[in-house]
Structure formats: C-alpha cells, structure tokens
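Data block below; observations after.
Residue numbers start from 1 in every chain, and the chains themselves are labelled A, B, ... in the order their sequence lines are given, proteins ahead of strands.
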Protein chains: 4
Amino acid sequence: MKSPDKHRKIIRAATKVFAKKGFFNARISDIAKEAKVADGTIYLYFNNKFDILLSVFEQEIGKLIDQVSLLLKKEDNPKIKLEIFITNHLEEMKKNRYLAEVIHIELRQTSKLIREYRKNTFNEYLAIIASIIEQGQEAGVFRKEIEPEIARQMVFGALDEISRCWHIGNDCPFTTEEVSQQITSILQVGILAPNN
Amino acid sequence: MKSPDKHRKIIRAATKVFAKKGFFNARISDIAKEAKVADGTIYLYFNNKFDILLSVFEQEIGKLIDQVSLLLKKEDNPKIKLEIFITNHLEEMKKNRYLAEVIHIELRQTSKLIREYRKNTFNEYLAIIASIIEQGQEAGVFRKEIEPEIARQMVFGALDEISRCWHIGNDCPFTTEEVSQQITSILQVGILAPNN
Amino acid sequence: MKSPDKHRKIIRAATKVFAKKGFFNARISDIAKEAKVADGTIYLYFNNKFDILLSVFEQEIGKLIDQVSLLLKKEDNPKIKLEIFITNHLEEMKKNRYLAEVIHIELRQTSKLIREYRKNTFNEYLAIIASIIEQGQEAGVFRKEIEPEIARQMVFGALDEISRCWHIGNDCPFTTEEVSQQITSILQVGILAPNN
Amino acid sequence: MKSPDKHRKIIRAATKVFAKKGFFNARISDIAKEAKVADGTIYLYFNNKFDILLSVFEQEIGKLIDQVSLLLKKEDNPKIKLEIFITNHLEEMKKNRYLAEVIHIELRQTSKLIREYRKNTFNEYLAIIASIIEQGQEAGVFRKEIEPEIARQMVFGALDEISRCWHIGNDCPFTTEEVSQQITSILQVGILAPNN
DNA sequence: GATGAATGAGCGTTCATTCAT
DNA sequence: GATGAATGAACGCTCATTCAT
C-alpha cells in the first residue's frame, strides 16, 4: 500500500522545487531528488507532473484554510475578521516562501486544468473573504452597496501583489504588520482625507 | 533592411499565442504560423524566445503608458486621476484580452530577466499609480499616512486580479463600469458603513 | 547502474559512424541506431556529441598504447623497437579501418577541446616514439644529433599519411609488410645510395 | 559578367575563415562578411559551400605548385631538390598559416568529394615529391629499392605533421631551418649512428 | 512497492540556399 | 550583377513517462 508518508514527502519536495524554479522549469527528477525518492516512484503517487502541482495546492491551501478558519471562529466582529484574514495571509506568505511563490507563479501559469481546479479548494479559500464581507454587511458594519465578489477580488489581488513584490527581491521597507495595517485601513476607511 | 511591418506582425502573433497557451506552452512555430512567416524569420527580429516575450511587454505596455498618460494630463484632481487610471486599465484589459493574459500569466514567470525587466517599462507603468497617490497627498486630498507604494500595490493587485477572473472564464456579472466604480469607491471611502 | 556493456556498444557504434561520415556529418541518431539504443540513452553515458568523440579516442588509443607497450616490453634493441612500433601501427590501422579514419579525420578538427585532449592519451601514444629514439641515442645506436621530437613527428606523420592513403581508396600496391620495411629502412639508413 | 576580382576576394576570405573555424564551423555569412560581399553574391561565383573549399585548394595549392616548380627548375641535384621542396613547404606553411590549417584540417574532413578532388591538383603537388625521388634513383643518387610512392607519403606526412604541431599551438622549440635540416638529414642518411 | 535505466517525441535554434528587388 | 531578407529542413539535446527487475 502506498505510504502516506512518501506522498507527503513528494508534495513537500515539489512545493520547494516549483517555488524555486517554476512549474515548467522544474524537472521530475529535481522533485525526486529533493524527496529522496526514485523518479519512477513519483508516478506511483501522482498521475503526471501537473497532477503534482494540483496536489500541492490542495495540500497547502487546505492548510491555509484550516488555519485561518480556526482563527476566524474565535471572532465575531467582521472588521476584525477581515483584519485577521489579511494579517494571517501576509504572515503565512512571508513565512512560507515556497507556498507564496507557488501561488503567485503557478496560479497563473495556465490553463484549463488550473481553471477547473480553481473552482475547488482555492476558491474555497477566496470564498472566506467574500463571506466575511457578507457577514459585515448583514451586521450593518460594511456598506451594503459593496459587491462582496469585487471586494474579495480586491483583497486577494492586493495581498497577492504584496507577496509577489516581497519574493521578487525588490526591497520592501515595510514590516508585515505595517503592510497589514495599511491595507486594512485603506479597505476600511479608504484613502480620502477627512474632509474630501 | 528588416521590415518594421514584419516585426510588428510577429509581436502581434506572439502576444496572441502567449496569451492563448502561456509562454512555456507556446511554440516558436506557433508564433511563426500565426505571423505567417517562416520559423527562421523570427530569429532575424528577435534573439530568442524570451526576447520575444520581453518585446511584447515593451511594446504593449508602452502603449498603455502612452494612452493613460495622455488621459491623465488633462486632469488635475487626484481623485479623478485615480479613477481614470483604474477605468482605463480595466477597459484595456477587457478589450485587449491577449495583453491581459500576457500580463497576468507571464508576469509571474520566475526569471531574472523578467525581474530586471520589471525595473524598466512595466515599473514605469506602476509608478504612475504611486505618483497619483503622492500628488493627492500633497494636495491634501489623500490621507498622508497612506504609503504610496503599498497603495500602488493594492491598486495594481486588485485590478490584475479582476482582469484575471474575467479571462479565466468565471462568470463575472458586473460591467467594467460597475467594477471600476466599486474599486474606486472602496479605495476612496473604504468599506465601512457610515457609523463604524 | 548504467551498463558498461551499453557504454561499449555506443563507443563502438560511434567509432563506426564517425569513421564513415566524419564527426560533423555524423548524427546522434545515426550512432543511436547503429548502437541499437534510443537517442536519449546516449546522453546517459555521454555529456554531448563531442564527449563521444573524446571517449572514442580514450578508448581506442588506450588499447593501441596497451598493445604496443606489451610488444615493446619484450624487446631491448631500439632499432627493432622502432620497427615494432611502425609495423604494429600500420597493421592496426589496416585492420581497424574505423579507428584509422577517426584518427586521421577527426584528429584535425580545430578545437580547443581536442587540443587539450591531445595532451593526454594521444600524446602518450606519440611519446612512445620519442622515448624509443632517446633510448637508441643513449645506447649509441641512433645519431645523437637527431631531435627525438622532430623524429617522432616524422614517424607519426609518415604512418598517418600512409594509413590515410589506404583508406582514401587510392590503390596502394604494397603490402603492410613492404610499407613497414621501407619506412623502417628509410628512417634507419636514409635514402641515399651507398656512395653519396 | 562575373568579376574575377570578386572571385579572388571570396577565395581569400574563405581561406581565412576556413582556417580559423574549420569547414563545418565556418558560415557562409562569415565568408561573405570577410569578403565584404553579400551572402547571395557568393552563390554567383560558387555552387555551394563545398565548392568554395575545393576552389580554395585549387587556388592555393596551384600557387604552391608554381612556386616550388620554379625553384626546382633551377636545380639538378636530386638531393638538393628534395631539400628545396622540404624547406619551401615548411616555410610556406609557417608563413601562410591559413593555407596550412586549410590543408591539415580540411584535407581530412571528409569525403567522397574531397577524395575525388585529391586526384587532381593536390595530387599533382604530391607527385612532385615522387618525381624527385625517381630522378634521384635514375641518377644513382638515391637507393633503387626505395619505392617513390612510399617515400613521397613519408615526406608529405612528416611535413604535414610538423606544420600541424606548429599551428596547434604546442611550443616547438626549433626553427624552420633546423626542422628542415633534420628531416632532410634523416631522409638522406637515416637515424643510425655510423657503425650500426 | 520501489527503482532508475531506457525511451523517443518534441522543440529551440542554426544556416545553406533562394529569389524578389 | 548584387543584395540580404526570407526560408524551412535539419539536428542536438531534454525530460516526462514507462517498465523490467
């Protein structure tokens, strides 16, 4: 029977290799070497290279969902919930460089497969943002005329762009906390000065 | 003398092919066929496959810069300038599906070349956003505690995520105008309801 | 573990193909077909096409060195040693048509690699000639004013030109033995008639 | 009408380029650039790349033949004639690096075409050596049992190997004169010390 | 189950040759 | 005659995938 341990090892190795080289430049043998496994062994656990990529997402983003869900469960205030989501995402991206790169590099690589995939686990993650907005609107805390879907895209787009800039190596002179606060603040009260 | 017409034809073809298949899945012969030239002809105008990608950016993003610069020149109010930038970007992405895909798919290829490249033309485009924010702060229209760099990332990230969702084929029930207004509005006054 | 058998098969095939077509006209797929392996298999055993050429030399010339060294060990007389070298080389070239062609065709490829290479195994082979001359001089059998290096070049040049003519297809009406004796004789006593 | 001047310019350029890069690594455009002529122009004067190579030989070796023939005409003594041939060849090879490389690199490149060619002008050059030997034998100066064909091969092989070593960049601590004398001496009186 | 040698389709790129101007 | 842009066949090499052990 296939060992779940080896499955995990391969996923971890693939996450690292994809992050370092990008999906197309990563070779199966790189992943095999990183996982200390024979090339052929990988095909006992995955159908093909692309399947590995999908599994990396399932696994890693599943973890993200679990983690942030746990944090959000303890809080009722939508304002704070949004802040928690933002802070958690940024912190994770800063910590888990591999996942960050896999998301922002590989998520756009292509193609129908990814597109279909995105209707699954990853969209579940994004849906959390929309649901926070909706709860806030129901609670009268957020403006009703905001479309939760658009706001969700804004939030994720903003966060993902931030993490991309971090990992591109351009110096970013701000701490995670500062960035988190600024984004939260802009989202909450906008950029206008009081009398405008 | 190498014909500038052919150069343009190849760029156009490459934009289309990269958008449809992604950089790595695009074949030189695909581009050649699309441009109705021989494979070898491409190498009279470009050094290699990657050079084509860079040229596509230079060309297309140069156009974007020119266009939005022209529009912004006519306006002084930073609030409206920001709206103009947002609207123009979204409209262009909606219209020029190929450019949109090339940006959001290919901009993420890990590559020193792209990284270096991004310090050039593309960053020029992004710098426009930051400068609008700064002008607004100087004019007292935007909050001074906003970091223009972070806001810039938020804006571009949001817009890029929007355009990605459009082209991914997920139904987006909103018009360009609605999206543009919502984003502008969130950025300007935030998402909080009046008394929060 | 990569099979040494396959390594040998490829070397043998390459020797044949290089001899038949020359290095530049030889195709990797020709070698693969001749060796009855897949094209890609060749790259499990060699780094690139040029590496195959070098290996052919290492292998084949190594064999030549071993063989002639063995023969020379049994003999002390420098006169006879020289004759042995000459005869052995000519016999081998006559027998091993492929090696002969590889030497005289490929040895002349301008290439830093080959030049560096020649300082290794092949030059070892040539050095045998020089050392025979030197021994002869020490023993007082050969004239002391002969430069061993120049004589060495003469000997090898002569032998290589002979073998080239054989394989070029021009009829050569002499047996290996006759040629061997003539060359040995010219080298030993020159071409002058007794009273000149 | 095709200009003989341009024909000569291309030959000269090709000699240089072939010598520098070898036949297979030389590109038609290299030759065209060196000759300050358009690529296409070359095909007005030559049928194909290989034809250029043949023409280079015809031309350059023709010159060699003329030159050495002139020198030999003035001399009757076969001993001296042989010395003249040897000295002249070595001097030319030392002077005309391009021709030297073209001979020793390209002469072995390959193939049926070259082989047929060699029955022409180049063999004429080699025949000069044989005829000197024959004259010497008739005059009783050279041993009758020497086969002129074999001696010819020895002479040319020796000379060509010398010139190859020169151009390979290996240090050769001897002057042209020394080499010439040593080779002449070995050929004439052999390498044996007086009493052997 | 695990291995890693073997496979071979596939692609980026080169360059001799052609031909419209 | 001269040009040089255009052509496209050809090849070295890679690497995802398979399969005998």
Q: Please tell me which of D:Asn48 and A:Leu44 maps to the more 5' nucleotide of DNA chain E, matching each residue to the nucleotide holding its nearest heavy atom.
A: A:Leu44
Q: Specify the separation, in whole Å, of atom CD1 of C:Ile42 and atom P of F:dC13.
A: 10 Å
Q: Compare all side-chain heavy atoms of A:Tyr43 with those of A:Ile28 and state whether any distance is below 4.5 angstrom.
A: yes
Q: Flag the pair B:Leu53 / B:Lys49 as yes when at least one side-chain heavy-atom distance between them is below 4.5 Å, and no otherwise.
A: no
Q: Could you state the atom-to-atom distance from CZ of C:Phe46 to C1' of F:dG12 in whole Å?
A: 16 Å
Q: For A:Lys36 and for C:Ala38, find the nucleotide of DNA chain E with the closest heavy atom, then tell me which residue's nucleotide is more 5'.
A: A:Lys36
Q. In Å, rounded to the nearest 0.5 Å, how long is the span from OG1 of A:Thr121 to CG of A:Leu64?
A. 11.5 Å
Q: Using a cut-off of strictly less than 4.0 Å, decide whether B:Lys2 has a side-chain nitrogen or oxygen near OP1 or OP2 of F:dA5.
A: no
Q: Return the residues of residues 26-33 of chain C meeting this criterion: a heavy atom under 4.0 Å from some atom of DNA chain E. Order them by number, or give none.
A: none
Q | Any side-chain heavy-atom pair of A:Phe18 and A:Ile31 under 4.5 Å | A | yes
Q) Taking only N and O in the side chain of B:Lys49, is any of them less than 4.0 Å away from OP1 or OP2 of E:dT13? A) no
Q. Hey, what's the ring geometry for B:Phe50 with B:Phe23, parallel, tilted or perpendicular (30° and 60° as the breaks)?
A. perpendicular
Q: Check salt bridge (charged side-chain N to carboxylate O under 4.0 Å, His left out) between C:Lys16 and all other residues, then give those that pass, not counting sequence neighbours.
A: C:Glu34
Q) How does DNA chain F look in dot-bracket form if you count Watson-Crick and G-U pairs under 3.5 Å, write [ ] for pairs that cross, and put | where a base pairs with another strand? A) .||||||||||||||||||||
Q. For B:Tyr125, which residues count as a ring pair (Phe, Tyr, Trp, His ring centres under 6.0 Å) partner, sequence neighbours excluded?
A. B:Phe85, B:His89
Q: Please lay out, stage by stage, how B:Glu60 and B:Asn96 fare under the test side-chain contact (heavy atoms from CB on, under 4.5 Å).
A: CA-CA 10 Å; B:Glu60 300 288 336; B:Asn96 192 346; 3.5 Å; yes
(Q) Is B:Lys6 close enough to F:dA6 that one of its side-chain N or O atoms is under 4.0 Å from OP1 or OP2 there? (A) yes
Q) Whole Å only: how far is the CZ atom of D:Phe50 from the P atom of E:dC15? A) 18 Å
**Q.** Nucleotide F:dT14, atom P - distance to CZ of B:Phe24 in whole Å
**A.** 16 Å
For nucleotides 18-21 of chain E, list the nitrogen or oxygen atoms of the protein found under 3.5 Å from its nitrogen or oxygen atoms, one pair per line.
none

Q. Which residues satisfy the side chain to side chain contact (heavy atoms under 4.5 Å, CB included) test with A:Arg27, sequence neighbours excluded?
A. A:Lys21, A:Ser29, A:Asp30
**Q.** Pair D:Ile52-D:Ile11, side-chain contact (heavy atoms from CB on, under 4.5 Å): steps then yes or no
**A.** CA-CA 7 Å; D:Ile52 306 175; D:Ile11 291 270; 5.7 Å; no
Q) What is the distance, rounded to the nearest whole Å, between atom NZ of B:Lys9 and atom P of F:dA5? A) 16 Å
Q.
Within the structure provided, determine whether B:Arg8 and B:Gln59 are in side-chain contact (heavy-atom separation under 4.5 Å).
A. yes
